[in-house]
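Notes follow once the structure below has been shown.
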Amino acid sequence: MGTIVLLDLMGGVALLLWGLHMVHSGILRAFGPELRNVLSKTLHNRFAAFAAGLGLTALLQSSTATALMTASFTSEGIVGLASALAIMLGANVGTTLIVQLLSFNIAAAAPVLFVIGVVAFRGGARTRIKDLGRVVIGLGLMLVALHVLLDTLAPAENAPGVRVLLGAVTGDPVLCILIAAALTWAAHSSVATVLLIMSLAYSHFVTPVAALALVLGANLGSALNPIFEGGRRDDPASYRFPVGNLFNRLVGVALVTPLLNPIAEILRSFQPDMARATAEFHFAFNLALALIFIGLLDPMAWALEKVFPARRQSTNPAAPLYLDESVLETPSLALADACRETLHMGDVVEVMLRQVMVALMTNDRALAGEVSRMDNVVDRLDEAIKLYLTKLTRGSLDDREGRRAMEIISFAINLEHVGDIIDKNLSEVAAKKIKRKLQFSSEGAAELTAFHKRVLDSLKTAFAVFISADVNDARALISEKARLRYAEIAAAERHFERLREGRPETLETTSLHLDVLRDLKRIHSHICSVAYPVLEAAGQMSAADVAESDPITVAAPNAKSAIR
């Protein structure tokens with residue numbers, strides 16, 4: 001009997017966790033970027049930050065997700081430590097709201113939620129509607145899971161072995177706190193743990209004092225995940241935010257633990273239903289901590305900055321700046337980080353493209369060597385981006401996220417090719433010109449400079465297309481590709497005219513001049529590749545576009561298969 005009860009209990013908890021996962025992933029897929037933007041705009045006032053943390057976590061049903069999102073803002077310097085801690089005070093209150101809702105007997109709503117969710121998920125024309133359907137199905141699963149837990153525990157009252165086991169492990173409040181903290185850390189969900197505790201309290205498997213102690217442990221355990229997942233050993237400052245949140249929890253637990261017996265008596269006097277009493281204690285505990293610490297965040301932030309000093313800035317230019325491993329479980333955030341890192345890589349390529357032309361025109365040997373060293377940075381960043389996205393695609397991505405991952409990989413590959421052309425072709429042309437002490441004719445130098453400027457302008461447009469996916473910019477980029485092809489032909493014809501006139505500078509630099517034109521056009525072709533996925537998604541790919549497009553860009557919509 002005891003074994004069957006424990007198995008049913010584990011099954012109910014697993015169903016509850018899966019329902020929470022569906023709610024969390026559905027909200028993130030539907031509103032992930034918008035939630036991040038809203039959060040970033042409310043960080044300059046601690047009360048607004050508190051409200052943002054509360055609202056966001058009430059939607060996501062995961063204070064861990066809010067913590068990781070906030071930790072990324074903190075590490076990037078977008079938000080101060082005091083505001084970040086205010087967000088977590090709000091997030092801890094936000095997790096109690098779903099517990100409050102589910103503490104009422106609303107299990108009969110589960111079939112209705114399933115019907116609505118399945119209709120939205122299967123029949124939704126837009127991806128966001130499907131994601132919201134996932135959320136509704138997840139809520140239904142959570143209600144069913146609670147019903148399973150209560151039905152499992154009800155007949156178990158006649159199983160003395162189970163009652164003796166639970167009585168033994170929950171007899172000491174401190175042991176209760178440690179057990180619940182470990183369960184919450186393992187499950188990554190204080191909501192699931194508290195709902196399980198409510199079920200145990202409702203069936204009288206644990207005493208009121210033990211139920212309250214278990215709630216304290218669940219709150220403590222929810223602060224452990226951000227430390228293990230958000231902190232980086234090479235950067236002590238990354239531990240400021242999660243340790244500050246854990247410190248709040250520890251202080252609260254230490255203050256309340258000695259008072260559990262009188263608190264339990266008070267709760268029982270006006271709320272005989274222990275499931276409801278447990279939910280109300282969970283809410284009151286987090287609200288009280290928020291009221292206590294909201295005014296103490298500045299000195300706490302100061303102390304944390306002293307204890308966890310910022311690391312020295314890395315002198316390695318090839319080190320990625322934005323690839324945060326802690327957000328890989330949240331695809332929308334991980335894709336945003338990969339996008340930012342690709343733009344960082346693009347900035348390095350842009351500097352290379354500018355400097356190689358200066359080296360060509362001024363015969364600057366040192367600058368040509370610096371360009372070659374920068375190509376190593378581009379190669380390392382390209383490898384880091386692809387490895388990061390490979391890790392991301394091991395998880396569950398929808399079609400939209402898979403396409404975006406593939407677009408980022410494609411653009412990174414093309415930027416790496418641009419870096420190689422600059423390093424292995426244009427830099428070598430510059431080295432030959434410098435070694436032979438040659439000079440372009442004034443007309444030839446002006447033509448190459450103008451051609452180079454058009455390529456640089458297209459690179460900036462490509463960055464805009466990569467970020468915004470604007471169809472008009474994409475079409476303009478492809479149109480410029482056709483115009484630049486004719487410009488190359490015209491520039492070559494003018495060069496041959498000067499060659500026929502017998503100009504000495506033209507005779508000496510003819511192969512170098514034509515090589516520069518050819519390589520700049522090749523660079524421009526790689527730059528324009530970013531436009532093809534945008535045009536394809538908008539249904540504006542002509543037959544000529546398909547013929548000229550990079551096969552990496554348009555032939556591999558499945559990110560997982562493309563990376564493998």
- Message: side-chain contact (heavy atoms from CB on, under 4.5 Å) for I87 and F50? Distances and angles first, verdict last.
- Response: CA-CA 5 Å; I87 289 173; F50 173 86; over 6 Å; no
- Check: M345 and V377 side chains under 4.5 Å, non-hydrogen atoms: no
- Does M406 offer a backbone N or O that forms a donor-acceptor pair with the side chain of S410 under 3.5 Å? no
- Message: Within the structure provided, determine whether V307 and V243 are in side-chain contact (heavy-atom separation under 4.5 Å).
- Response: no
- Query: Just how far is it from atom CG of L304 to atom CG of L81, taken to the nearest 0.5 Å?
  - Reply: 5.5 Å
- Query: Can L343 and Y322 be said to form a side-chain contact (heavy atoms from CB on, under 4.5 Å), step by step?
  - Reply: CA-CA 10 Å; L343 290 174; Y322 306 110; over 6 Å; no
- Query: What is the minimum heavy-atom distance between T184 and G217, and which atoms define it?
  - Reply: OG1-O, 4.5 Å
- Test item: R240 side-chain N/O and F308 main-chain N/O as donor-acceptor pair under 3.5 Å: yes
- Item | Closest non-hydrogen atom pair, V93 against A290 | CG2-CB, 4.3 Å
- Task: Would you check if V253 and I177 make a side-chain contact, meaning some heavy-atom pair closer than 4.5 Å?
- Result: yes
- Task: Return the set of residues passing ring-ring contact (aromatic ring centres under 6.0 Å, His included) with F466 (not counting sequence neighbours), or none when no residue passes.
- Result: F411
- From CA spacing to verdict: side-chain contact (heavy atoms from CB on, under 4.5 Å), Y388, E383: CA-CA 9 Å; Y388 183 78; E383 291 174 4; over 6 Å; no
- Could you tell me whether a side-chain N or O of S222 sits under 3.5 Å from a main-chain N or O of N219, the two making a donor and an acceptor? yes
- Item | F293 side chain near M88 side chain, heavy-atom distance below 4.5 Å | no
- Task: Search all heavy atoms of V209 against all heavy atoms of P173 and return the closest pair with its distance.
- Result: CG1-CG, 4.4 Å
- Report the distance from atom CZ of F281 to atom CE of M274, rounding to the nearest 0.5 Å. 10.0 Å
- Give, for atom CD1 of I409 and atom CD of E407, the distance between the pair rounded to the nearest 0.5 Å. 10.5 Å
- Message: Do R249 and N286 have side chains that approach each other closer than 4.5 Å (heavy atoms only, starting at C-beta)?
- Response: yes
- Query: Any side-chain heavy-atom pair from R268 and P208 closer than 4.5 angstrom?
  - Reply: yes
- Between L85 and L297, what is the shortest heavy-atom contact and its length? CB-CD2, 3.8 Å
- salt bridge (charged side-chain N to carboxylate O under 4.0 Å, His left out) contacts in which one or both residues fall within residues 284-304, not counting sequence neighbours: R46-D298
- Query: Which heavy atom of N245 sits nearest a heavy atom of A223, and at what distance?
  - Reply: ND2-CB, 3.7 Å
- With side-chain contact (heavy atoms from CB on, under 4.5 Å) as the test, would you mind laying out the steps for T193 and L214 before giving the verdict? CA-CA 9 Å; T193 305; L214 288 168; over 6 Å; no
- Here the gap from L89 atom CG to L289 atom CG, rounded to the nearest 0.5 Å, amounts to 7.5 Å
- Does any N or O in the side chain of E341 come within less than 3.5 Å of the main-chain N or O of P320, such that one atom is a donor and the other an acceptor? no
- Query: What's the spacing between L220 CG and L246 CG if we round to 0.5 Å?
  - Reply: 6.0 Å
- Only one of T342, D337, T390 passes side chain to side chain contact (heavy atoms under 4.5 Å, CB included) with I385, and that residue is T342
- Can you name the closest pair of heavy atoms from R404 and C339 and give their distance? NH2-SG, 3.5 Å
- Message: How long is the straight-line distance from CG of L287 back to CG of N92, given to the nearest 0.5 Å?
- Response: 11.5 Å
